[in-house]
Amino acid sequence: MMGFRLNIFLLLIAMFSTPVLSDLILARVDRRIDLTSQIVRITSSLKVENAGTDVVSEVLLALPDYQVKNLAFMKAFGSEGKGKAKSSTTSLPFTVVNPEGMPPSLTFYSVSLPKGLSKGESFTLDVFAAFTNSIRPFPEEITQADLQIVLFQDSAYYLSPYEVRVQSLAVTLPSARVESYTKLHNTKHVDSEIKYGPYEKLLPFSYSPIVIHFENDRPFAVAQQLVREIEISHWGNIQVTEHYDIVHRGAQNKGGFSRLDYQVRAHIRGSSSFRHLIARLPPRVRSVYYRDEIGNISTSHLWGDSRKTELEIEPRYPLFGGWKTAFTIGYGLPLKDFLFESGNKRFLNITFGCPIDDVVVDNLIVKVVLPEGSKDISVSVPFDVKQWQEVKYSHLDIAGRPVVVLEKTNIVPEHNVHFQVYYKFNTLSLLREPLMLISGFFFLFIACIVYLHADITISKSSASYLAKLQWDEVQAAMQQFLNIINRCLAVHAKLEASLHDLSRTGDVQSCKAARKAADGLLKELAKELKPLLAYLQSSPQAAQLWPKVEELVAKEREMQEKLMLKHSTVVDSYEKKSGGREIENRIASLQQKLVALRQDVDELLEFLDEI
Amino acid sequence: MGGKTESLNGVKSGSTQTSMGTAQIGLKPDLFNFSLKSLKLKTKQQELLIRVSVLGLIYILAFITRLFSVLRYESMIHEFDPYFNYRTTVFLTEKGFYEFWNWFDSESWYPLGRIIGGTLYPGLMVTAAFIYWVLRFLRFAVHIREVCVLTAPFFASNTTLVAYLFGKEIWDSGAGLVAAALIAICPGYISRSVAGSYDNEGVAIFALLLTFYLFVKAVNTGSLAWALASAFGYFYMVSAWGGYVFIINLIPLYVLVLLITGRYSMRLYVAYNCMYVLGMLLAMQIRFVGFQHVQSGEHMAAMGVFFLMQVFYFLDWVKHLLSDKKLFQAFLRITVTCAIGVGALALGVGMASGYISPWTGRFYSLLDPTYAKDHIPIIASVSEHQPTAWSSFMFDFQILLFLFPAGLYFCFKRLSDATIFVVMYGLTSMYFAGVMVRLILVATPAVCLISAIAVSATIKNLTSLLRTKHKVPHGASAKGTTSAKASSKASLDQSLPFQRNGAIALLLGAFYLLSRYAIHCTWVTSEAYSSPSIVLAARGAHGGRVIFDDYREAYFWLRQNTPSDAKVMSWWDYGYQITAMGNRTVIVDNNTWNNTHIATVGRAMSSYEDEAYEIMRSLDVDYVLVVFGGVSGYSSDDINKFLWMVRIGGGVFPVIKEPDYLVNGEYRVDKGAAPKMLNCLMYKLCYYRFGELMTEYGKPPGYDRARGVEIGNKDVKLQYLEEAFTTSNWIVRIYKVKPPNNRW
């Protein structure tokens with residue numbers, strides 16, 4: 001099929017062998033084609049000479065259309081001067097042009113020279129181009145044990161609208177094993193290199209097809225789709241998430257897959273497959289993960305030093321030709337390594353392409369998710385991309401985060417260059433989301449407090465509601481009642497303490513003063529107690545509590561009396577200077593009663609307290 | 001009235017503050033003590049604070065103890081059924097409720113398909129989707145998988161709250177707290193509610209306990225509102241799990257017991273009628289349940305009791321009208337005879353005309369543990385349907401098993417409507433737990449509640465003993481009296497010597513038992529119940545952890561590298577996983593609704609290759625998937641399940657006979673195996689090229705590590721199938737069915 005197309009192509013070239021475009025001559029062309037991976041990399045070094053009289057400032061490069069559609073990357077460098085004394089290399093801009101009277105199946109790129117080339121002057125132009133999908137497996141289906149053999153075709157002569165004086169071509173192959181290759185005159189096959197030329201004095205648009213059929217067991221890993229999402233958080237993290245759809249685009253596997261063969265002789269029976277991929281990540285990555293739609297994939301390794309991090313990922317199964325897999329890797333990067341400020345703008349400076357080695361990406365989508373509230377967004381990418389904006393909603397977003405989407409097809413590792421996204425962002429907006437959370441919780445607690453304190457009963461006159469109200473009141477009264485009792489008991493304790501002091505110091509006066517204060521306090525408390533008791537007695541809700549309350553009051557009063565009696569007895573005895581033993585004997589019965597009473601009171605208190 | 005008390009409160013509260021302060025200063029002049037004392041809350045507030053914080057801690061504990069699996073493995077869905085639930089939930093969140101309700105799934109039961117909306121309990125999926133939508137609405141960008149993974153632990157936490165309320169209702173708040181704590185970590189419940197175990201039971205136990213709690217509350221209060229709430233609880237339960245049949249039979253039984261024991265009351269009448277009528281109407285809204293409440297034999301008990309209640313009420317009314325006792329007796333006899341006659345007649349006519357369907361096999365197998373083994377091999381083949389071994393009771397309940405009878409004793413000691421309920425719940429569910437392993441789950445809340453009563457009542461008694469003892473020396477010392485008086489006080493209680501020491505010892509013992517329980521539960525959770533079963537972990541030769549992720553390897557291979565309309569034949573166990581993870585059509589899956597279809601697959605697996613090829617062609621099978629543990633030593637593989645395939649296949653297709661695969665009633669795969677066994681499809685697919693592999697050092701090639709024998713047929717040739725994929729540890733093997741040969 002390809003051969004047929006080539007024939008037509010040659011015919012066309014023959015038909016359109018038009019006169020030369022300008023007076024430029026390519027004095028020397030050296031081409032080197034690198035076929036060691038699935039990407040075809042062609043480096044051409046052209047020595048351009050002006051044979052005419054006019055000053056020329058543009059050089060045309062021609063590429064056949066079937067190559068153009070696979071062209072992933074092209075770059076032209078110029079170096080002035082002659083021979084070895086190349087002064088400086090500069091990257092030269094080029095554009096697609098459509099000159100008149102040229103063969104239709106060719107595309108022309110016009111490279112602008114840094115300065116005009118006047119008569120007799122020469123200039124060395126280096127063109128680097130990378131092509132994908134140009135190496136075709138043949139046979140297209142192989143078994144697990146077979147080696148993968150591929151076809152590559154190009155022209156032995158440099159296709160150019162100018163006359164070429166001397167040219168040569170060197171093709172580098174991955175190994176020395178070559179099935180076949182087109183033999184022209186001056187063809188040499190040495191080790192893993194095939195050399196064509198030198199050929200001299202060739203007319204413009206000279207073309208001589210060559211086909212090389214060779215062994216290549218390098219993985220043909222192609223990401224049909226890669227979505228890279230770069231999310232900036234000004235809290236200090238850049239989260240990168242990459243979704244891959246990988247396919248092995250080598251020769252299709254036929255006749256099934258035998259684990260036994262693969263396990264026992266993996267390097268022979270399965271050489272066309274690949275088991276792992278290596279992603280080169282920036283240094284200081286953190287929280288790296290590797291998973292797919294159905295969960296975490298546990299086969300991966302991570303190494304790192306201060307300059308780079310290497311992530312070796314192993315898909316769930318080895319990939320044979322035509323097999324697919326899909327996975328996601330994600331990692332966090334320190335913000336300060338990639339985000340910078342220039343003037344009042346911030347900009348993100350991060351690589352564009354795919355971090356995995358030797359992977360060709362059919363369609364790459366890079367999404368840069370900027371923080372909510374970013375404005376004045378602009379992007380600077382060193383090559384043409386499709387570009388638009390989206391909105392993404394993440395945690396606690398209201399307006400959504402602006403997303404810059406860049407899309408590009410046919411990506412090779414050479415695209416792994418930095419690009420910049422400029423935007424304006426107010427640092428104060430950082431606090432918005434924490435404040436939202438805080439206020440959310442704040443209102444939750446407020447609502448709880450309001451609920452607990454507000455009366456939301458619908459029917460204020462229902463019996464149960466009134467009963468509940470009354471019960472609340474009874475409880476409050478009960479609480480106060482218990483308080484007063486407790487205070488009475490505290491006064492008792494004070495009196496006891498004064499007695500204790502008395503026995504130690506013999507200071508009757510202070511003891512009497514304590515007695516006086518206690519009397520006053522107790523009287524006051526009794527006064528306070530009165531309305532409470534009246535209320536408790538009258539309230540129907542407290543009916544079942546009343547006997548206990550009554551008992552408690554009685555006991556407390558009795559205790560009070562006994563205590564007073566004891567106090568006066570002891571004080572009296574002291575005044576009369578009686579002996580300690582005598583005092584003890586006199587108050588022994590009182591003391592016993594007091595202890596019993598105290599216990600009863602405690603029990604009652606506890607019982608009432610539990611209600 | 002209100003105004004008066006208000007002013008009273010105002011005055012009092014003001015004075016309380018100041019006087020409290022003075023009292024304390026007077027009581028304890030120590031400054032440090034004062035500062036502590038003034039911070040001290042009232043007893044009631046203290047109790048509330050402790051209760052709320054304990055409940056809060058239990059709530060958190062119940063959640064985090066279920067996260068072992070996430071920490072050990074990852075946030076993933078476990079086992080088999082949860083994958084179906086997950087897949088449907090994803091569908092629900094993506095397509096919306098109506099699409100979900102009308103979903104015809106052509107990816108399962110090829111070529112029959114399955115009407116998803118009409119054949120599942122949607123409660124779980126709707127719950128998870130609802131949580132998901134709420135979180136999304138609150139702007140939490142969560143993934144639906146995380147929601148699904150954490151649904152079960154979340155509901156387990158909620159269950160502890162319900163257990164607390166239930167315990168409070170039947171006993172007191174102390175028992176409620178203990179019940180909440182016990183159920184939070186009880187392995188019987190954890191086994192079905194760890195993170196990732198996204199199954200109906202996860203929410204159903206919550207719904208079950210909630211329904212019971214609300215019903216008991218309704219019976220206790222006689223309030224229409226609680227009865228209504230329990231009807232809605234019942235509706236939620238019906239929407240979540242087939243186990244609702246337990247509720248609809250237990251509650252009538254309970255009502256019947258109350259009627260017989262003369263505990264009939266208006267409260268019961270209100271609670272039951274409201275709950276039954278509304279619950280029934282609500283349950284009919286679930287398509288999978290439909291009109292079963294009025295048509296199926298399993299639900300007839302509830303209806304019978306409903307009518308009985310009306311008769312009772314009617315009799316009560318008549319008794320109220322008729323003052324003559326004799327007359328009433330006569331009337332009673334006539335009415336009861338009539339009622340029973342009419343009921344029996346209605347039941348008979350219903351049964352005979354086929355309006356009321358007879359009991360299903362599953363129901364029979366619950367009542368009679370041997371029924372399934374003889375009649376329905378597909379039920380008997382499931383490991384979780386086996387009768388429970390003592391060890392698993394011990395494993396799942398530990399000390400609760402001993403506390404359960406003690407709790408029953410306490411319940412009988414303080415018999416009330418509520419305790420009768422919990423006793424009946426405990427006894428019936430314990431019986432069912434004995435019949436089927438998986439029903440331990442249903443028994444767990446009852447066991448926890450009853451055990452909590454035992455624990456709480458015991459500890460309460462012991463501490464009250466301790467407290468009274470405590471006070472005597474304390475009070476004496478406060479009085480500053482001599483030791484003689486203290487001893488005279490203590491002599492009052494000398495009738496029971498060592499009482500206090502005994503109480504302390506018992507308390508320590510209880511504490512020891514409970515802490516052993518906590519340790520046991522944590523150990524069981526981490527060791528036994530936190531494995532996702534889809535990722536296997538083992539200890540490697542060097543002590544490191546080796547992960548066997550073969551299932552996902554195979555499913556992902558299917559997902560990526562087979563045509564999107566490929567049909568995969570496997571034993572039904574893996575059906576849900578293949579559809580959920582592999583995204584491919586399966587012939588049979590875990591929803592075992594069509595026995596014939598499963599038997600066809602069983603027949604294909606147990607036939608010779610050429611016969612199997614005919615069957616597979618007729619089912620449009622493209623790939624066959626088998627699970628094989630011979631290399632890794634994984635024992636629950638298809639070879640070990642094979643006899644069930646033979647039995648189920650043979651149950652429908654008599655050409656398959658179990659004895660053909662056995663040698664003297666023994667199942668073997670080595671040289672002495674039956675010839676049919678050595679050449680059936682399953683054997684060939686499992687052992688294809690296995691004879692060339694050295695599995696273990698010092699053993700001949702083809703040594704099966706799962707069964708510990710050298711296989712009998714090492715030279716397996718496949719004619720109609722070819723190996724398409726085998727996972728790295730050979731656990732899953734996938735074969736492609738070759739297209740038929742061209743005739744010319």
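Each chain gets a letter, A, B and so on, in the order its sequence line appears, and its residues count up from 1.
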Chemist: Between Pro315(A), Ala497(A), Pro318(A), Gly256(A), who has the most heavy-atom pairs with chain B when the cutoff is under 4.5 Å?
Modeler: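 With the most close heavy-atom pairs to chain B, the winner is Gly256(A).
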
Chemist: Looking at every heavy atom in both Gln560(B) and Ala326(A), which two are closest together, and how far apart are they?
Modeler: NE2-CB, 3.5 Å

Chemist: Counting only N and O atoms by type, is there a donor-acceptor contact under 3.5 Å from the side chain of Arg145(B) to the main-chain atoms of Ile294(A)?
Modeler: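 Answer holds: no.
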
Chemist: Would you say the side chain of Leu260(A) lies within less than 4.5 Å of the side chain of Trp730(B), judging by non-hydrogen atoms?
Modeler: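 Answer yes - side chains close enough.
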
Chemist: Most heavy-atom pairs under 4.5 angstrom with chain A, which of Met581(B), Arg552(B), Glu723(B), Met694(B)?
Modeler: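 Looking at each of Met581(B), Arg552(B), Glu723(B), Met694(B) in turn, Arg552(B) comes out on top.
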
Chemist: Sort out for me which of Lys324(A), His492(A), Arg316(A), Glu293(A) touches chain B most, counting heavy-atom pairs under 4.5 Å.
Modeler: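 Of the options given, most contacts go to Arg316(A).
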
Chemist: Decide yes or no for Trp323(A) and Phe725(B): does some side-chain heavy atom of the first lie under 4.5 Å from some side-chain heavy atom of the second?
Modeler: yes

Chemist: Heavy-atom distances under 4.5 Å only: say whether Ile547(B) touches chain A with side chain, backbone, both or neither.
Modeler: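 Side chain of Ile547(B) only, per the 4.5 Å heavy-atom cut-off to chain A.
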
Chemist: Classify the angle between the aromatic ring planes of Phe556(B) and Tyr317(A) as parallel (below 30°), tilted (30 to 60°) or perpendicular (above 60°).
Modeler: tilted

Chemist: Going by an N to O cut-off under 4.0 Å, is there a salt bridge joining Glu553(B) and Arg259(A)?
Modeler: yes

Chemist: Identify which of Gly322(A), Gly295(A), Ser298(A) forms the greatest number of heavy-atom pairs closer than 4.5 Å to chain B.
Modeler: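 Answer, by heavy-atom pair count under 4.5 Å with chain B: Gly295(A).
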
Chemist: Does Lys738(B), at its NZ atom, have more than 12 non-hydrogen atoms belonging to other residues, nucleotides or ligands within less than 6.0 Å?
Modeler: yes

Chemist: Is Leu469(A) close to chain B through its backbone or its side chain, or both, or neither, when contacts mean heavy atoms under 4.5 Å?
Modeler: neither

Chemist: Any side-chain heavy-atom pair from Tyr393(A) and Arg139(B) closer than 4.5 angstrom?
Modeler: yes

Chemist: Could you pull out all residues at least two apart from Gln252(A) that satisfy side-chain contact (heavy atoms from CB on, under 4.5 Å)?
Modeler: Glu141(A)

Chemist: Name the member of Thr727(B), Val535(B), Ile734(B) that forms the most heavy-atom pairs with chain A at distances under 4.5 Å.
Modeler: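 That would be Thr727(B).
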
Chemist: Please classify the contact of Arg733(B) with chain A as side chain, backbone, both or neither, using a heavy-atom distance under 4.5 Å.
Modeler: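 Nothing of Arg733(B), per the 4.5 Å heavy-atom cut-off to chain A.
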
Chemist: For Lys562(A), give me all partners under side-chain contact (heavy atoms from CB on, under 4.5 Å), at least two apart in sequence or on another chain.
Modeler: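 Residues passing side-chain contact (heavy atoms from CB on, under 4.5 Å) with Lys562(A): Glu558(A), Leu590(A), Lys593(A), Leu594(A), Leu597(A).
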
Chemist: Measure Asp292(A) against the heavy atoms of chain B and call it side chain, backbone, both or neither at under 4.5 Å.
Modeler: side chain

Chemist: Check each atom of Leu135(B) against the heavy atoms of chain A and say whether the ones under 4.5 Å are side chain, backbone, both or neither.
Modeler: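 Neither part.
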
Chemist: Please classify the contact of Met76(B) with chain A as side chain, backbone, both or neither, using a heavy-atom distance under 4.5 Å.
Modeler: neither

Chemist: I want to check something: taking the side chain as every heavy atom from C-beta on, are Asp261(A) and Arg689(B) in contact at a cut-off of under 4.5 Å?
Modeler: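 Yes. Closest side-chain heavy atoms under 4.5 Å.
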
Chemist: Please rank Thr325(A), Val247(A), Asp245(A), Thr299(A) by heavy-atom pairs under 4.5 Å with chain B and give me the top one.
Modeler: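 Winner by heavy-atom pair count: Thr325(A).
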
Chemist: Side chain, backbone, both or neither: which part of Glu74(B) has a heavy atom under 4.5 Å from chain A?
Modeler: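 Just the side chain, heavy atoms under 4.5 Å.
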
